[in-house]
Amino acid sequence: MLDRRIIMRKYFGFIIVFLVWSISSCTTLPNGKFEKRSTVFPKNIILFIGDGMGVSHITAGKIIKGVLNLESFRYSGLLTTHSQNAFITDSAAAATAMATGYKTDNGAISVSSEKEPLKTVAEYAEENGKSTGLVVSCSVTDATPSAFVTHVERRTQKDLIAEQIASSDIDVLFGGGWAYFVPKSVKGSKRADEKDLIAVLKKRMKVIRSVEEFQQLGIIDSVTGFFAVKHPPQAKYRKPQLPELTNKAIEILSRNKDGFFLMVEGSQIDWAAHENKQDFILNEMIDFDNAIGAGLEFAKSNSQTLVLVTADHETGGFAIHDGSVEERRISDSGFTTSEHTAAMVPIFAYGPGSSAFSGIKDNTFVGKTLIQYLHQ
Ligand code: MG
Ligand code: ZN
């Protein structure tokens, strides 16, 4: 009897130790499920945003490319995209939702409907000692990238957006938009004042303007690359291409042992759809999917990396009516509008914390979840 009690006590001790260990090593996911800590919280986050990229845009890309990098993702779902004040969102409100976890009015850049600044996932990442980057195929002052590092009432306030980008903590910035960073008196400037924001950027990072300088970049911790005065050209003519920029950004950011947050935007998928031009959409989709491939390749060799791919909204009401899978050709397609639509957008997730991104969610779930991951 006495022996049994001693044995029971012994086991009771083991059980307590096991329970404490289990609770401390597990945590609740945003979807209410439990997952092991080591598999939940990513050290690195790469968020790909295909501006205007709906299911048909992806379908078209797959028909032409054959196999997409997107097909390697384990989890996928759909996001609703309406904004605080509109049935159909714009890129500013949608990017704010994904960057901060909060809805706002169309045109607002990471400020609430009451004009209060909303802290972004990139700002949380910086606070946690991580490096941060933005890689886009438009001007860096456009709505999507600026929502990650600036807080302004209207997306049209480009001068102010450029000022806030220049004084942000961003470590890698690739895109166009040089014109908003040089004083008014400099030829080609789009500024209304004499502020020299290139000088501000140069205080803490290398600033380059050409493909040659990009190719010669050595081992560095931070860089801004302006590859166009305003917007870079279409994918067909764009240099460097989005995958090259993505690879370089990852190479630089991953030098930080505390991890990084990187947002990569396929900016012109939206413009192609606004113009109702299928070939333009296809070229942008292939460039974007190749960039996703660069992100995935890194994540496959670095298991602490979460890769997300989604869109801010669908553009064009794009539909594919006829074609051939074997011949990789679309023979008939159409658009219902030259504007954005209310269609839900897909989201794909790979890596630690990816299982949360399945099913139907609102776009604010992206910001809320990424910020929660960074808080751990
Ligand atoms: Mg955009
Ligand atoms: Zn648009």
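One-based numbering, in listed order, for ligands and for the atoms of each. Computed from a prediction, not measured in an experiment: that's the story for all the values here.
Per residue Asp51, closest N, O or S atom to the Mg ion (ligand 1): atom name OD2.
Metal site remark for the Zn ion (ligand 2): Asp270 contributes an N, O or S atom at a distance under 2.8 Å. Metal site remark for the Mg ion (ligand 1): Asp142 contributes no N, O or S atom at a distance under 2.8 Å. Inclusion of Glu265 in the first shell of the Mg ion (ligand 1) is supported: an N, O or S atom falls under 2.8 Å. Taking 2.8 Å as the threshold, His313 does not count as a candidate ligand of the Zn ion (ligand 2), since none of its N, O or S atoms lies below it. Residue Thr144 counts as close to the Mg ion (ligand 1), with an N, O or S atom under 2.8 Å.
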Chi angles and distances behind the salt bridge (Lys or Arg N to Asp or Glu O under 4.0 Å) call for Lys119, Glu127 | CA-CA 11 Å; Lys119 198 165 167 182; Glu127 203 175 83; 2.4 Å; yes
Apply salt bridge (Lys or Arg N to Asp or Glu O under 4.0 Å) to Glu251 and Lys248, showing your working.
-> CA-CA 5 Å; Glu251 184 192 310; Lys248 183 55 80 177; 3.4 Å; yes
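Remark: the Lys277 side chain and the Asn283 side chain contain no N/O donor-acceptor pair separated by less than 3.5 Å. Side-chain atoms of Ser91 and His313 form a donor-acceptor pair, as typed in the model, at a separation below 3.5 Å.
Rounded to 10°, the angle formed at the Zn ion (ligand 2) by NE2 of His340 and NE2 of His274 is 100°.
A cation-pi contact, defined as under 6.0 Å to the ring centre and within 45° of the axis, is absent between Lys195 and Tyr180.
Between Arg238 and Glu284 a salt bridge is recorded (basic side-chain N to carboxylate O distance below 4.0 Å).
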